[in-house]
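Read through the structure below, which is laid out as structure tokens, and then see the notes.
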Amino acid sequence: MIAVGILLWLLGLSLSSPEGFQQASTLLGSFIVRFILWAIMTALAYHIVGGLRHLLMDFGMLDESLEAGTRSAQISFVITVILAVLAGVLLW
């Protein structure tokens, strides 16, 4: 919930006026703001990857044994780490 509020606030600020856009651009130059955006993007990536994993399990495309569940969870974490690194490259 807090992440959505931060993103909507930044969007509203950037769309309010040319001065607001400049202020939002200045804010995005801060390490703290970029770190917060990176954390939000990483959490979103984890949520999406986990959701896709569960959809595949629900459709029967993944085996529902303990071994397969552990393996698909490990693959999900690896994909999330890769996406987190890509988000960091995008922001910095």
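This is a predicted model, so every value here is computed, not measured.
Side-chain heavy atoms closer than 4.5 Å link hydrophobic residues (I, L, V, M, F, W, Y) into clusters, and following such links, even through other members, never connects Val85 to Ile75. By the criterion of side-chain heavy atoms lying less than 4.5 angstrom apart, applied directly or through intervening Ile, Leu, Val, Met, Phe, Trp or Tyr residues, Ile79 is not grouped with Val89; the two fall into different hydrophobic clusters.
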Check: residues 44-57 side-chain donor-acceptor pairs under 3.5 Å, at least two apart:
residue: Arg53; atom: NE; partner: Ser72; partner atom: OG; Å: 2.8
residue: Arg53; atom: NH2; partner: Gly69; partner atom: O; Å: 3.1
residue: Arg53; atom: NH2; partner: Ser72; partner atom: OG; Å: 3.4

Could you give the side-chain donor-acceptor pairs of residues 31-42 under 3.5 Å, partners two or more places apart or in another chain?
residue: Arg34; atom: NE; partner: Leu28; partner atom: O; Å: 2.7
residue: Arg34; atom: NH1; partner: Leu91; partner atom: O; Å: 3.4
residue: Trp38; atom: NE1; partner: Ala84; partner atom: O; Å: 2.8
residue: Thr42; atom: OG1; partner: Trp38; partner atom: O; Å: 2.9

Acceptor/donor pairs from residues 4-21 side chains to any protein atom, 3.5 angstrom cut, sequence neighbours excluded:
residue: Ser14; atom: OG; partner: Leu10; partner atom: O; Å: 3.3
residue: Ser14; atom: OG; partner: Leu11; partner atom: O; Å: 2.9
residue: Ser16; atom: OG; partner: Leu13; partner atom: O; Å: 2.8
residue: Ser17; atom: OG; partner: Glu19; partner atom: N; Å: 3.4
residue: Ser17; atom: OG; partner: Glu19; partner atom: OE1; Å: 3.4
residue: Ser17; atom: OG; partner: Gly20; partner atom: N; Å: 3.0

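In the displayed structure, Glu64 atom CD is contacted under 6.0 Å by at most 12 heavy atoms of other residues, nucleotides or ligands.
Other cluster members for Leu66: none, since no ILVMFWY side-chain heavy atom sits under 4.5 Å from it.
Every residue two or more places apart in sequence or in another chain was checked for a side chain to side chain donor-acceptor pair (under 3.5 Å) with Ser30, and none qualifies.
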